[in-house]
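Numbers here are sequence positions counted from 1.
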Amino acid sequence: MKIGMGYDVHRLDENRKMILGGVEIPYHLGLLGHSDADVLLHAIMDAVLGALAIGDIGTHFPDSDPKYKGISSLTLSRHVAELMREKGFRIGNLDAVIVAQRPKMKDYIEKMRENIAEAFFTERENISVKATTEEGLGFTGNGEGIASYCVCLLERNTNE
């Protein structure tokens, strides 16, 4: 077994879409970044890459590389999942939290879980996604950005 932890943060911007967990959420602001800036999937990928001890998303998908401009983080997640499988591991479980004052996430959490499970070749029951606010405190509470944390447990894949 291996354990990984991931964290990511992106600034909110008027000229971007809000995409979290591969779900487009209707909102007047989106997340600013080189890719689609899906802060949830970025934290998840960093947790998995960290558990495997093979760097982070900046190592694998540098923001200086134009081929990643605007790319879907679900596409990047599938690549990380393939690396995980090549190393002989599978998701045991994954627990993530989105930190955002707004928008409310509850109507989108189940679709996020489905997207993540599909991308990482696992069952939805192995994926937990939660959302919380910071009661108006800090950059997320002030509506300047969104953060996400993730921990994951990887298990040896004995099926291959």
Side-chain angles (χ1 to χ4, degrees), residues 1-13 16-27 30-100 105-132 145-160:
M1 285 189 275
K2 292 181 175 262
I3 297 170
M5 187 260 180
Y7 168 77
D8 197 36
V9 60
H10 284 277
R11 178 180 305 277
L12 287 164
D13 184 78
R16 296 284 297 216
K17 292 180 180 180
M18 171 73 66
I19 299 173
L20 292 167
V23 177
E24 187 172 336
I25 299 171
Y27 193 58
L31 294 167
L32 185 61
H34 186 67
S35 66
D36 64 5
D38 187 328
V39 69
L40 173 60
L41 288 177
H42 292 187
I44 290 169
M45 287 186 279
D46 268 349
V48 172
L49 291 167
L52 296 170
I54 57 172
D56 60 16
I57 60 173
T59 303
H60 291 268
F61 316 111
D63 63 6
S64 58
D65 191 332
K67 75 180 173 186
Y68 300 119
K69 178 90 172 134
I71 195 167
S72 164
S73 292
L74 275 174
T75 299
L76 301 178
S77 294
R78 290 181 189 105
H79 178 77
V80 169
E82 287 293 343
L83 292 173
M84 175 187 71
R85 287 174 79 170
E86 288 171 11
K87 296 282 185 183
F89 286 90
R90 62 185 164 97
I91 298 286
N93 77 302
L94 184 148
D95 187 20
V97 62
I98 303 163
V99 184
M105 305 289 165
K106 71 178 181 113
D107 293 338
Y108 308 100
I109 298 272
E110 288 309 309
K111 182 61 179 161
M112 291 177 196
R113 290 179 65 213
E114 288 174 22
N115 288 345
I116 296 161
E118 182 182 328
F120 283 92
F121 311 109
T122 192
E123 303 298 318
R124 188 173 58 180
E125 65 200 30
N126 297 330
I127 306 298
S128 172
V129 175
K130 305 174 298 286
T132 189
I146 293 180
S148 187
Y149 297 87
C150 179
V151 293
C152 72
L153 174 70
L154 302 185
E155 301 173 333
R156 281 262 172 223
N157 194 350
T158 56
N159 298 332
E160 295 182 7

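- Considering only heavy atoms from C-beta on, Thr122 comes within 4.5 Å of Ile127 through its side chain.
- Here the side chains of Leu40 and Val129 are in contact, with some heavy-atom distance below 4.5 Å.
- Checking Ile57, Thr75, Asp63, Ile71 one by one against Ser35, the side-chain contact (heavy atoms from CB on, under 4.5 Å) holds for a single residue, Ile71.
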- [ ] Carefully, step by step, assess Leu153 and Lys2 under the rule side chain to side chain contact (heavy atoms under 4.5 Å, CB included).
- [x] CA-CA 6 Å; Leu153 174 70; Lys2 292 181 175 262; over 6 Å; no

TODO: Begin from the C-alpha positions of Thr132 and Ile98 and carry the test side chain to side chain contact (heavy atoms under 4.5 Å, CB included) through to its verdict.
DONE: CA-CA 6 Å; Thr132 189; Ile98 303 163; over 6 Å; no

TODO: List the steps, then state whether side chain to side chain contact (heavy atoms under 4.5 Å, CB included) holds for Val48 with Met84.
DONE: CA-CA 7 Å; Val48 172; Met84 175 187 71; 4.2 Å; yes

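- Between the side chain of His10 and the main chain of Gly30, no donor-acceptor pair closer than 3.5 Å is present.
- A donor-acceptor contact shorter than 3.5 Å links the side chain of His34 to the backbone of Asp65.
- Note: Phe61 and His79 meet the aromatic proximity criterion, with ring centroids under 6.0 Å apart.
- Within 6.0 Å of atom CG in Leu32, more than 12 heavy atoms from other residues, nucleotides or ligands are found, so the atom counts as buried in its surroundings.
- For the pair Ile25 and Ile19, the minimum side-chain heavy-atom distance is 4.5 Å or more.
- Taken from CZ in Arg156 to NZ in Lys87, the straight-line distance is 10.0 Å, to the nearest 0.5 Å.
- Distance check: Cys152 SG to Ile91 CD1 gives 5.5 Å after rounding to the nearest 0.5 Å.
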- [ ] In sequence, state the C-alpha distance, the side-chain angles, and the governing distance for Ser77 and Phe120, and then conclude on side chain to side chain contact (heavy atoms under 4.5 Å, CB included).
- [x] CA-CA 7 Å; Ser77 294; Phe120 283 92; 3.7 Å; yes

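- In this structure, Arg113 contributes its side chain and Tyr108 its backbone to no donor-acceptor pair below 3.5 Å.
- Between Leu83 and Glu86 there is a side-chain heavy-atom pair separated by less than 4.5 Å.
- Both the sub-6.0 Å distance and the 45° axial angle are satisfied by Arg85 relative to the ring of Phe121.
- When all heavy atoms of Leu74 and Ala119 are compared, the pair lying nearest together is CD2-CB, 4.2 Å.
- Contact between Val151 and Met5 at its shortest, heavy atoms only, is CG1-CG, 4.1 Å.
- The side-chain heavy atoms of Asn157 and Phe89, taken from C-beta on, include no pair separated by under 4.5 Å.
- For the pair Arg124 and Glu118, the salt-bridge criterion is not met [side-chain N within less than 4.0 Å of a carboxylate O].
- Residues Asp95 and Lys130 are paired through a salt bridge, judged by an N-O separation under 4.0 Å between the basic side chain and the carboxylate.
- Leu94 is listed as a side-chain neighbour of Cys150, based on a closest heavy-atom distance under 4.5 Å.
- Heavy atoms of other residues, nucleotides or ligands lying less than 6.0 angstrom from CZ of Arg11 number 12 at most.
- Within the 4.5 Å cutoff, the side chain of Leu20 has heavy atoms near those of the Leu31 side chain.
- With rounding to the nearest 0.5 Å, the separation of CE in Met1 from CD in Glu155 is 7.0 Å.
- Counting heavy atoms from C-beta outward, Ile146 and Met18 have side chains that approach closer than 4.5 Å.
- Residues Gly55 and Thr59 share a closest heavy-atom pair of CA-OG1, 4.1 Å.
- Closest of all the heavy-atom pairs between Ala100 and Met105 is CB-CE, 4.1 Å.
- Between Ser73 and the choices Asp8, Asn115, Asp36, Asp38, the side-chain hydrogen bond (donor to acceptor under 3.5 Å, both in side chains) rule is met once, by Asp36.
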